[in-house]
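Here is the structure we will look at, set down as structure tokens.
Hydrogens, waters and symmetry mates are skipped; everything else that's a heavy atom, side chains included, is used. Start at 1 and go down the list; that is how both ligands and their atoms are numbered. Given the structure is predicted, the values throughout are model-derived calculations rather than measurements.
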Amino acid sequence: MKNIAVFTSGGDAPGMNAAVRAVVRKSIFHGLNVFGIKRGFQGLINHEIMPMQLGSVADTIHRGGTILLTARSPEFLTPEGQAKAITFLQDQQIEGLVVIGGDGSFRGGRVLHEAGIKTVGVPGTIDNDIAFTDHCIGFDTAVNTVTDAINKLRDTATSHERIYVIEVMGRDSGNIALQAGLAGGAESIIVPEAPFDLTEICNRLQRGAQRGKLHSVILVAEGAASATHIGDEISRILNLDVRVTILGHLQRGGTPTAFDRILASRLGAKAVDLLMEGKSGLMAGFYKGEIKATPFKEVFENPKELNWDDYKLAAILAI
Ligand code: ATP
């Protein structure tokens, strides 16, 4: 193998740059030529390729976003778009490809793998919704961002003796809500993976008020319910002042945590190792404490489970 390319795809996640850096520098260390593709799959279709040198990734490890830019490419979902991308990679003699992104990006990666281009995925998504990796790049940073927001909202919630309902990202996953809720001491955490009972939530809020609690925080994962609706309902049932905050895209930005940078460095380097071993159609993940490669097929067939122990623990601690 002589020529490797790397791109980022889907939603951006803090730490993607550290992963790109690791792919570029590990490749150069082994004497490979390495190229960056801009705008994910759309960049393959539009021929947006550039050679990467050691300096191309200098001063990027601590930056959020992605220097390679990212995109969602409806054109790549079509057979014509896929054919254009495959022809481009063949013309450029790219033998190995690292796809940094989420589940959708890996599905796109599988198309390229099946077309004979050696492809390895690196999980980068704040949603942390990919099986066979305990952490996806960006998740830890997003959880810290939300925890910080909870801390700040708690101050004003306490001062005004209010209930705050905070909506967080995660698509169909409750991972961000659960982990940030646990870290931030939320009274209730509403996730798409579990049913919720507003009466029970209101009873809990009342019990808290009766024992002198000055504030309450409820975290709602975007895939479970609308925070505005939950806030309206609680306000109607309890006749209390409820404020709603939707954190939105600020959860995707910011300096990656040390954890995300280290994870990204390890997984980016592992992806290069796998390609050099001639492997393809795999994801490099961090699973049960080890860097481990798992075939895309298994990743797609196994939905990621919520950490139910943490879910129960969060409820116990907010009693
Ligand atoms: P995030 O989890 O952050 O949203 P993602 O990688 O899951 O990231 P998607 O928008 O689902 O983001 O996918 C990114 C791109 O991958 C799509 O725009 C599309 O070009 C390609 N892709 C997604 N699904 C498929 C598929 N089934 N077949 C081929 N390509 C796909």
Side-chain angles (χ1 to χ4, degrees), residues 5-17 19-20 37-48 64-66 68-89 97-117 119-133 135-143 145 168-177 192 221-223 248-254 256 260 263-264 267 271 280-285 295-297 299-304:
V6 56
F7 65 73
T8 50
S9 167
D12 66 309
M16 278 184 162
N17 285 328
V20 172
I37 311 279
K38 281 191 168 176
R39 300 181 179 84
F41 292 99
Q42 197 57 40
L44 291 179
I45 294 170
N46 295 344
H47 302 179
E48 295 189 84
T66 159
L68 291 178
L69 309 180
T70 186
R72 305 203 193 261
S73 171
E75 196 178 349
F76 189 78
L77 294 174
T78 66
E80 298 76 25
Q82 291 171 7
K84 279 188 204 168
I86 292 162
T87 305
F88 176 66
L89 286 166
L97 191 61
V98 180
V99 176
I100 304 167
D103 174 85
S105 302
F106 292 170
R107 288 176 194 275
R110 181 168 62 175
V111 169
L112 300 174
H113 156 71
E114 284 169 356
I117 294 149
T119 305
V120 171
V122 170
T125 167
I126 64 164
D127 303 339
N128 207 35
D129 57 355
I130 298 179
F132 297 106
T133 188
H135 289 262
C136 297
I137 296 164
F139 174 64
D140 185 64
T141 306
V143 168
T145 300
V168 301
M169 286 179 132
R171 278 209 195 176
D172 300 327
S173 159
N175 274 305
I176 294 180
E222 64 179 350
H249 281 85
L250 68 83
Q251 293 161 87
R252 290 242 288 252
D260 272 332
L263 178 70
L267 298 187
S280 179
L282 304 163
M283 174 192 77
F296 283 149
K297 190 171 176 298
V299 174
F300 300 150
E301 284 171 1
N302 292 280
K304 178 140 175 171

Could you check whether any side-chain heavy atom of [X] comes within less than 4.5 Å of a side-chain heavy atom of [Y], counting everything from C-beta outward?
| X | Y | result |
| --- | --- | --- |
| Asn46 | Arg39 | no |
| Leu69 | Thr8 | no |
| Leu68 | Ile100 | no |

Between Arg252 and Asp12, is a salt bridge (Lys or Arg N to Asp or Glu O under 4.0 Å) present by the stated rule, with each step listed? CA-CA 7 Å; Arg252 290 242 288 252; Asp12 66 309; 3.0 Å; yes
Give the residue, atom name and distance (to 0.1 Å) of the protein heavy atom nearest [atom].
| atom | value |
| --- | --- |
| atom 22 (N) of ligand 1 | Gly104 O, 3.2 Å |
| atom 27 (N) of ligand 1 | Arg107 CB, 3.6 Å |
| atom 4 (O) of ligand 1 | Arg171 NH2, 2.7 Å |
| atom 29 (C) of ligand 1 | Gly108 CA, 3.6 Å |
| atom 18 (O) of ligand 1 | Ser73 N, 2.6 Å |
| atom 1 (P) of ligand 1 | Gly11 N, 3.8 Å |
| atom 12 (O) of ligand 1 | Arg72 NH1, 3.0 Å |
| atom 6 (O) of ligand 1 | Ser105 OG, 2.5 Å |

Is the backbone of Ile137 close enough, under 3.5 Å, to the side chain of Asp260 for a donor and an acceptor to pair up by distance? no
Taking Gln251 for its side chain and Gly248 for its backbone only, find out whether a donor-acceptor pair lies under 3.5 Å. yes
Below 3.5 Å, N or O to N or O, backbone or side chain included: is there any such pair between Gly101 and ligand 1? no
Before signing off on this row, confirm whether Phe41 and ligand 1 have an N or O atom pair separated by under 3.5 Å. no
Just jot down the ligand 1 atoms closer than 4.0 angstrom to any heavy atom of Ser9, in number order. 14 (C), 15 (C)
Does the plane of the ring in Phe296 sit parallel, tilted or perpendicular to the ring in Phe300? Use 30° and 60° as the thresholds. parallel
Which of parallel (below 30°), tilted (30 to 60°) and perpendicular (above 60°) describes Phe88 and His47? parallel
Is there a heavy atom of Glu75 sitting under 4.0 angstrom from any atom of ligand 1? no
Would you mind finding which of Thr125, Ile100, Leu77 brings a heavy atom closest to atom 25 (C) of ligand 1? Leu77
Using the side-chain contact (heavy atoms from CB on, under 4.5 Å) rule, take Lys84 and Thr87 through it: C-alpha gap first, then chi angles, then the decisive distance, then the call. CA-CA 5 Å; Lys84 279 188 204 168; Thr87 305; 6.0 Å; no
